[in-house]
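Read the numbers this way: they start at 1 and go in the same order the structure lists the ligands and their atoms. Everything quoted here is computed from the prediction, not taken from an experiment. The analysis underlying the following values was restricted to heavy atoms, covering all of them including side chains, and did not include hydrogens, waters or symmetry mates.
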Amino acid sequence: MSEKSGGDFRYSVGESKVPWHAVGEFFNGADALELIKFLLPDSGSADYQAALTDAGNALAKLAEVSGRATKLTLGKKVAEAEAGACRYFGSKYACFTSNWTGGMEIAYKLAGIGPGDEVIMPAVTFIATMAYPLSMGAKIVFADIDPETINLDPEDLEKKITPKTKMIVPVHLGGFPVDMAGVMAVARKHGIPVMEDAAHGMGGAYQGRKLGSIGDFGGFSLHEVKNINSLGEGGILLTSDDFYGKQLSGGRFLGLDFSRKIKDWLYDISPLTDKNGGVQVAQNHSATEIQALGLILQMKRLDQIIAIRRRAAEYMNGVLSEEKGILTEKADTVDTYGTHHLYLLRIDPKTVGGNIQQLAAKLAARGLTNITHFGPMYRFKIMRDLGYNEHELAASCPRTEEMFYHSYTHLPLYPLTEEQLVYQAQAVVEAVRELKQGK
Ligand SMILES: *Cc1c(COP(=O)(O)O)cnc(C)c1O
């Protein structure tokens, strides 16, 4: 193999009399069986042991005649996954990383985020969105949320822009598309780059464009809890900007730059350079070939999974719309095509006669899992310890406060059985009725 491109750590192997193998120690047939047992574990079925013995025998035979996996990281599968991502999302460049937190780190560096710079994001997201700017000593500025979608509100975004704003990070929370026309208009007017955190939005679309491909940067998480995964962890960073795109692979792997060579050396090391000439040091966010294979396999099912999720959300909407005081999720339109990663359950506390916390307790008592995972970020200890003023921030995001404490929670949609879905919808209706009766 002698592909030498970008910053991938690729080198010639296997062609000499004494080759320098890419892989130090190979995996054998017995190891392969263990990998299969991990992916297809014992269900307790009486037939499992017999089927496993058959598979073990077949694998032993296969191992006798097979070759060996000669590249385990940043090889052809990673390249194939990235080419597939470019086609599917309509972006010019894609970079597969060990996780999306790492992918975002590369984008933040390319945007030149450093100490004192301001990054605007919605008050409701996951800590990963702000991990890198926080660690750099940049200032996180929270925009309030749109009460219909709990996504970043473009009007409040504009109010929070200052001369120090260096990046805007909308988050397609729960897979529901952000008002990207609004966000991009504000961003372009002020000349600020946008990164879409589409961790939940993989495969969704806004005005005919795939989520993650609309901003200057965008990307997805392939962590096991997301709609599809790449064997547990993974991320994809997208851009269509040539200046940024050519630096992605270096940003993923320590700045190794095969396009430049210093004398008597295989490569050079380049920094990540922003558009003002500022430089930052790349870390290691490499993803393995096995992760890439996991992604390639699950990508094939992405549209189908979203369709099943959509039907589940429509079912929830159908049942819940019959009960006054429950606000159903915004349905998909020609403009906004969600991924239905989570079901956004909202109530009108006045009509219901109770708040979402009381409802959540009733749902939990009925055996429903509702996830209080996405709330106001300024409530965390780390923010206070870094000198953020929780009360001032809460006052600057009144709708976030009102909605989080009184009117929304998230419910799962997949992979629920028909029976679980029906039970969940009915349980919400019953719990709301109890609250109305003052129980
Ligand atoms: C999961 C998640 C991330 C982080 O993705 P990882 O792949 O786990 O690093 C970022 N933002 C949001 C909104 C997420 O839910």
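Residue pairs satisfying the ring-ring contact (aromatic ring centres under 6.0 Å, His included) criterion with at least one member in residues 329-352, sequence neighbours excluded, are listed as follows: His200-His341.
No side-chain donor-acceptor contact under 3.5 Å links His406 and Gln357. Counting only N and O atoms by type, the side chains of Asp241 and Thr239 include no donor and acceptor under 3.5 Å apart. Of the N and O atoms on the side chains of Glu289 and Thr73, not one donor lies less than 3.5 Å from an acceptor on the other residue.
Only one option out of Met316, His410, Glu148, Lys330 pairs with Leu344 in a side-chain contact (heavy atoms from CB on, under 4.5 Å); it is His410.
For a heavy-atom separation below 4.0 Å, the residues in contact with ligand 1 are Asn99, Trp100, Thr101, Met104, Thr125, Phe126, Ala128, Thr129, Val171, Asp197, Ala199, His200, Ser221, His223, Lys226, Gly234, Phe374.
Using bins of under 30°, 30° to 60° and over 60° for the plane-to-plane angle, the ring pair Phe217/Tyr244 lands in the tilted bin.
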